[in-house]
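Scroll down for the structure; my scribbles are underneath it.
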Amino acid sequence: MAERHSSDDFVRPIRRILVGLLVLFLLGMFVLWRIDSPRVERFRANLVDRFVPSFEWALVPVTKLAVMVQGFQSYTQLYEQNQELRRELRQMQAWKEAALQLEQKNAKLLDLNNVRLDPKLTYVTGVVLADNGSPFRQSVLLNVGSRDGIVDGWATMDGIGLVGRISGVGQNTSRVILLTDSNSHIPVQIQPSGQRAMLSGDNSAAPPLEFIENPELVRPGDRVVSSGDGGLFPAGLLVGQVALGPDRRLRTRLAADYERLNFLRVLRRHTGESITDPGTLVVPPQPATTAEMPDG
């Protein structure tokens, strides 16, 4: 204990002396930097030139830390710019997809406009809202109905060929029975032979041709059009081409693109003039003549 007390008595005076010297040094430096004199200014400059360069080793950690802070800030800025570019890229991809969809819709509308129809026929273009195709029923739903003048039984086409007929009309929508549906039966004509047949849907992609007048005159690749018999469809609408099926039956490769039914053209069918007096068509009217008998 005595040795510890003796060491404390030795250290305390030295500590006080060092603290006093440090305070005097700092006070002197403060006074030196506050004096406004040319000589003192030159002394301060010489002092700085003498001692500051020798402290560069002490500034290395500070410099490195500053560089690291600047690098971290640069990395943060790069990360934010990268995230912004990613957001812009996603937006551009969405715009590109929307542009491609608009381009496809525009191409299909142009296809509809390029179809050559009888000038007497008018049409209404509708958008396909839903595809209810199934193994037992082949139909689509359009966004046009009785408010647009749609009538049950009218023919529908895409940009190339016949698709089906209207079967069920609502106020704002209408249903189209496709040619592939098992309930679809339309009279057709095979060109160039002129053979008549019945195109009957069987829920397959290539409906068969039935009741052909003379099958020997029909060849695969012949053109199939609507015949207009029975007044169901206008005559001359493109249906497809004759093809020989795996079952060796004559079938029709449909011209319409059933995989991409986005727009359909509904053909208006105007009723003909009603005949109220058919007898006048058979026997022309005779001019009335009055013959006077001579008096006997």
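- With rounding to the nearest 0.5 angstrom, the CZ atom of Arg251 is 4.5 Å from the OG atom of Ser204.
- Listed for the Asn82 side chain is no donor-acceptor partner under 3.5 Å among the backbone atoms of Leu85.
- Considering every non-hydrogen atom in both Ala256 and Gly161, the closest pair reads CB-O, 4.0 Å.
- Contact between Val218 and Leu250 at its shortest, heavy atoms only, is CG1-CD1, 4.0 Å.
- Panel note: side chain Asp222, backbone Val242; no donor-acceptor pair is recorded below 3.5 Å.
- Put simply, the side chain of Asn262 does not reach to within 4.5 Å of the side chain of Val127, judged on heavy atoms.
- To the nearest 0.5 Å, atoms CD (Gln91) and CZ (Arg87) are separated by 8.5 Å.
- Under the 4.5 Å side-chain heavy-atom criterion for Ile, Leu, Val, Met, Phe, Trp and Tyr, Leu217 and Leu199 are members of distinct hydrophobic clusters.
- Counting all heavy atoms, side chain and backbone alike, Leu209 lies closest to Ala197 at CD2-CB, 4.4 Å.
- Here the CD atom belonging to Gln138 is positioned 9.5 Å from the CG atom belonging to Asp202, to the nearest 0.5 angstrom.
- Distance check, rounded to the nearest 0.5 Å: OG of Ser184 to CG of Leu178 gives 8.5 Å.
- Using modelled atom types, no side-chain atom of Thr252 and backbone atom of Ala206 make a donor-acceptor pair closer than 3.5 Å.
- Val188 and Tyr258 fall within the same hydrophobic cluster, where Ile, Leu, Val, Met, Phe, Trp and Tyr residues are linked whenever their side-chain heavy atoms come under 4.5 Å apart, directly or through other members.
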Steps toward side-chain contact (heavy atoms from CB on, under 4.5 Å) verdict (Val169, Val151): CA-CA 7 Å; Val169 180; Val151 177; over 6 Å; no

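- Taking the side chain as every heavy atom from C-beta outward, Val266 and Ile150 approach each other to under 4.5 Å.
- Ile166 is listed as a side-chain neighbour of Trp154, based on a closest heavy-atom distance under 4.5 Å.
- Arg175 and Ser139 are linked by a side-chain donor-acceptor pair at a separation below 3.5 angstrom, with hydrogens and angles left out of the test.
- Here the side chains of Arg268 and Tyr123 are not in contact, with every heavy-atom distance at 4.5 Å or above.
- The shortest distance between side-chain heavy atoms of Phe263 and Asp158 does not fall below 4.5 Å.
- The two residues Arg147 and Asn172 have their closest heavy-atom pair at CD-OD1, 3.3 Å.
- At least one side-chain heavy atom of Leu142 sits under 4.5 Å from a side-chain heavy atom of Val128.
- To the nearest 0.5 angstrom, Gln241 atom CD is 12.0 Å from Ile190 atom CD1.
- Asp152 places a side-chain N or O within 3.5 Å of a backbone atom of Gly168 that can act as its donor or acceptor partner.
- Each of Ile177 and Met198 belongs to its own hydrophobic cluster when Ile, Leu, Val, Met, Phe, Trp and Tyr are linked at side-chain heavy-atom distances under 4.5 angstrom.
- Nearest heavy-atom pair, Phe233 versus Ser226, reported as atom, atom and distance to 0.1 Å: CB-CB, 4.3 Å.
- Distance check, rounded to the nearest 0.5 Å: CG of Leu264 to OG1 of Thr156 gives 5.5 Å.
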side-chain contact (heavy atoms from CB on, under 4.5 Å) between Arg249 and Glu210, intermediate numbers included: CA-CA 9 Å; Arg249 297 177 63 185; Glu210 298 179 342; 3.4 Å; yes

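- Pairing each heavy atom of Ala235 with each of Ser227, the nearest pair is CB-O, 3.5 Å.
- Between Pro207 and Leu254, some side-chain heavy-atom pair lies under the 4.5 Å cut-off.
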Criterion side-chain contact (heavy atoms from CB on, under 4.5 Å) on Thr180 and Asn203, from CA distance to verdict: CA-CA 5 Å; Thr180 55; Asn203 294 328; 5.9 Å; no

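- The shortest distance between side-chain heavy atoms of Arg196 and Asp229 falls below 4.5 Å.
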Residues Leu179, Val239; criterion side-chain contact (heavy atoms from CB on, under 4.5 Å); working and verdict: CA-CA 9 Å; Leu179 298 181; Val239 177; 4.1 Å; yes

